[in-house]
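Report on the structure given below.
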Amino acid sequence: MKSEWSRVIIHVDMDAFFAAVEQLHHPEWKGKPVIVGADPKGGKGRGVVSTASYEARKFGVHSAMPISKAYRLCPHGIYVAPHGDLYSDYSKQVIEILYRFTPAIEVLSIDEAFLDVSGSLHFIDSIESLGKEIKRQILDEVGLSASLGIAPNKSVAKIASDFKKPNGLTIVLLDEIQNFLDPLPVTKLFGVGKKTYESLQKLGIHSVRDLRNYPDSYLESKFGEAGRHLYRMARGIDNRDVQVNEEIKSISNETTFETDQTDSEVLKNTLLHLSAKVGQRLRKRNLKGKTIQLKIRFDDFTTFTRRKTLANYTHLTDDIYEIARRMFEEFHPPATDASSKRPVRLIGIGISSLVDEKGTQISLWDIQNEKKLTLAKTVDKLQGKFGKSAIVHANTIAIKKN
Ligand code: TTP
Ligand code: MG
């Protein structure tokens with residue numbers, strides 16, 4: 001492949017994803033303004049727009065807009081409540097297609113992913129035909145349209161996928177990066193939020209080209225570390241690798257004490273705190289595990305691990321703690337006095353043999369899907385459902401502080 005491709009990174013982003021899935025399920029909604037989000041209640045509704053079909057965007061409706069405003073702009077629109085499970089299902093189908101092209105995939109959210117196809121180039125005729133093929137397979141097999149950006153790095157690829165939405169395919173070669181970025185508004189650069197944009201505007205910086213007039217040192221003096229980031233982003237410099245989502249085989253948390261501990265109460269409280277953390281992480285990922293591991297490192301750095309496999313899968317803090325405590329007491333028997341106990345430097349709890357909540361072996365996608373599920377599950381809901389362990393968690397933090 002040509003030398004302008006040091007690496008080939010593809011950013012895939014589905015078009016109007018939630019709305020497009022709704023249109024797929026209701027063919028009569030195709031070509032119409034579909035708005036997914038809160039109930040507009042005739043203009044009096046509270047809440048926001050999740051997304052809007054491109055037909056609705058023509059009226060000015062967009063994500064995160066108050067639903068009441070959307071209703072004013074587009075009263076004849078088709079308003080739909082979100083169907084999270086359905087979107088997850090489609091997301092899974094799309095990701096499965098992407099895996100045909102490379103195993104080097106980083107799923108960013110429910111509807112976007114980076115692919116590093118640098119290693120697959122000898123299989124293909126051209127970058128363009130590869131991009132077209134990915135889009136074709138998604139459209140033919142799933143029925144949805146995606147926009148792709150292809151570039152030598154992640155940040156340029158992401159900007160490129162957004163460049164010709166919907167149904168776009170934008171390829172930016174290494175020596176085209178600067179010409180591609182220069183005319184764009186700085187808001188297109190990764191990390192330029194509202195605040196940074198306002199500060200940049202005050203300096204008269206609107207486009208990427210404007211930003212490039214300022215040296216590294218000036219931007220750093222104005223914005224600190226973020227200034228150096230801006231300098232690099234404006235030049236399309238980004239060496240970050242695609243972070244391949246790996247299957248999670250275990251979940252663990254550990255704590256190193258500032259001073260070595262002999263106090264069993266402190267140690268057990270720490271175990272409880274760690275159990276709560278592990279439990280929360282399992283529940284958040286809709287996972288359960290069967291094998292609990294205790295890790296303990298003493299003041300002389302000797303380290304032991306103990307494992308115990310339960311009869312049933314669990315994601316409960318209490319179950320994890322109970323087993324961990326019993327294993328811990330092998331090292332620190334409750335009846336012995338503190339002076340004869342070895343000082344502990346580090347203590348950790350892990351859980352493995354993971355399955356999803358329904359008890360089936362977890363697949364790679366289920367792990368990636370965890371990120372997406374957090375979109376739909378609000379923290380409130382999580383805390384409401386698992387309030388007890390959230391409180392335990394808080395208590396044990398407090399105990400540690402005292
Ligand atoms: P996006 O990819 O940002 O938006 P989109 O796919 O709807 O439209 P496009 O990419 O063509 O511009 O987000 C993906 C999905 O995430 C979106 O369909 C709905 C959801 N979402 C929200 O629920 N709230 C939000 O504020 C945003 C931005 C997205
Ligand atoms: Mg999208």
Side-chain angles (χ1 to χ4, degrees), residues 1-15 57 60 62-64 104-109 111-118 121 126-128 130-131 134-135 146-243:
M1 198 36 72
K2 291 181 216 148
S3 61
E4 55 265 59
W5 293 101
S6 44
R7 286 185 298 161
V8 183
I9 310 294
I10 303 182
H11 183 253
V12 178
D13 190 312
M14 304 304 293
D15 299 321
R57 292 184 199 194
H62 59 75
S63 290
I105 295 185
E106 176 180 349
V107 179
L108 287 179
S109 75
D111 88 325
E112 57 177 326
F114 283 119
L115 282 67
D116 186 337
V117 294
S118 311
L121 297 183
S126 70
I127 299 283
E128 189 182 358
L130 173 64
I134 294 173
K135 281 163 60 73
S147 292
L148 267 61
I150 311 185
N153 65 52
K154 285 182 12 175
S155 62
V156 178
K158 188 162 161 83
I159 295 169
S161 73
D162 190 48
F163 190 65
K164 279 187 228 148
K165 260 189 169 282
N167 199 20
L169 172 61
T170 304
I171 301 171
V172 184
L173 306 181
L174 194 57
D175 59 7
E176 294 171 347
I177 289 179
Q178 203 61 69
N179 283 340
F180 172 68
L181 293 179
D182 271 350
L184 298 177
V186 281
T187 46
K188 293 282 178 193
L189 298 180
F190 177 70
V192 179
K194 209 173 154 208
K195 263 193 165 167
T196 311
Y197 179 59
E198 282 168 9
S199 311
L200 289 171
Q201 253 190 329
K202 282 189 194 134
L203 296 167
I205 299 172
H206 303 284
S207 67
V208 174
R209 190 182 286 111
D210 298 337
L211 182 59
R212 278 208 300 127
N213 287 329
Y214 292 83
D216 200 357
S217 53
Y218 178 81
L219 293 173
E220 196 178 349
S221 69
K222 278 270 171 205
F223 300 100
E225 187 58 37
R228 296 180 47 158
H229 171 78
L230 282 175
Y231 181 88
R232 290 165 62 80
M233 288 293 121
R235 284 158 184 77
I237 303 168
D238 178 7
N239 299 324
R240 290 173 303 156
D241 283 326
V242 167
Q243 298 284 319

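This chain uses plain numbering: 1 for the first residue, then up along the sequence. Below, all heavy atoms of this structure are taken into account, side chains as well, without hydrogens, waters or symmetry copies.
When side chains are defined from C-beta on, Val208 does not count as touching Lys188, because their heavy atoms never get closer than 4.5 Å. Between Val172 and Ile159 there is no side-chain heavy-atom pair separated by less than 4.5 Å. Residues Arg57 and His62 are not in side-chain contact: their nearest non-hydrogen atoms beyond the backbone lie 4.5 Å or more apart. The closest side-chain heavy-atom distance from Asp216 to Arg228 is below 4.5 Å. Counting heavy atoms from C-beta on, the side chains of Asn153 and Arg7 come closer than 4.5 Å. Counting heavy atoms from C-beta outward, Leu130 and Ile150 have side chains that stay 4.5 Å or more apart.
Here the closest heavy-atom approach between residue Asp241 and residue Glu106 is recorded as O-OE1, 4.0 Å. A pairwise comparison of heavy atoms in Val156 and Gly236 identifies CG2-CA, 3.9 Å as the closest pair. Closest of all the heavy-atom pairs between Val242 and Ala104 is CG1-O, 3.7 Å. When every heavy atom of Phe190 is checked against every heavy atom of Arg240, the shortest pair comes out as CE2-NH1, 4.4 Å. Taking both residues in full, the closest heavy atoms of Phe223 and Ser199 are given as CE2-CB, 3.6 Å, listed atom of the first, atom of the second, then distance. Looking at every heavy atom in both residues, Lys135 comes nearest to Leu148 through CG-CD1, 3.7 Å.
Residue Val186 is tested with Thr196, Leu230, Ile205 for a side chain to side chain contact (heavy atoms under 4.5 Å, CB included); the sole match is Ile205.
To the nearest 0.5 angstrom, Ile10 atom CD1 is 9.5 Å from Ile105 atom CD1. Of the inter-residue distances, the one linking Lys222 atom NZ with Lys202 atom NZ reads 9.5 Å to the nearest 0.5 angstrom. Note that the CG atom of Asp116 and the CD atom of Gln243 stand 11.5 Å from one another [nearest 0.5 Å]. Summarising the geometry, atom CG belonging to Asn167 is positioned 6.5 Å from atom OG belonging to Ser147; distances are rounded to the nearest 0.5 Å. In this structure, CG in Leu219 is found 11.5 Å from NE2 in His229, a value given to the nearest 0.5 Å. Distance NZ/Lys158 to CG/Asp13: 6.5 Å, rounded to 0.5 Å.
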Pair Leu200-Leu211, side chain to side chain contact (heavy atoms under 4.5 Å, CB included): steps then yes or no: CA-CA 8 Å; Leu200 289 171; Leu211 182 59; 4.1 Å; yes
Residue pair Thr170, Phe180: steps toward the side chain to side chain contact (heavy atoms under 4.5 Å, CB included) verdict: CA-CA 10 Å; Thr170 304; Phe180 172 68; 4.2 Å; yes
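For Asn179 (side chain) and Glu176 (main-chain N/O), no donor-acceptor pair under 3.5 Å exists by modelled atom type. A donor-acceptor contact shorter than 3.5 Å links the side chain of Ser118 to the backbone of Val8.
In this pair, His11 and Phe114 present their aromatic rings tilted. The plane angle is within the 30 to 60° band.
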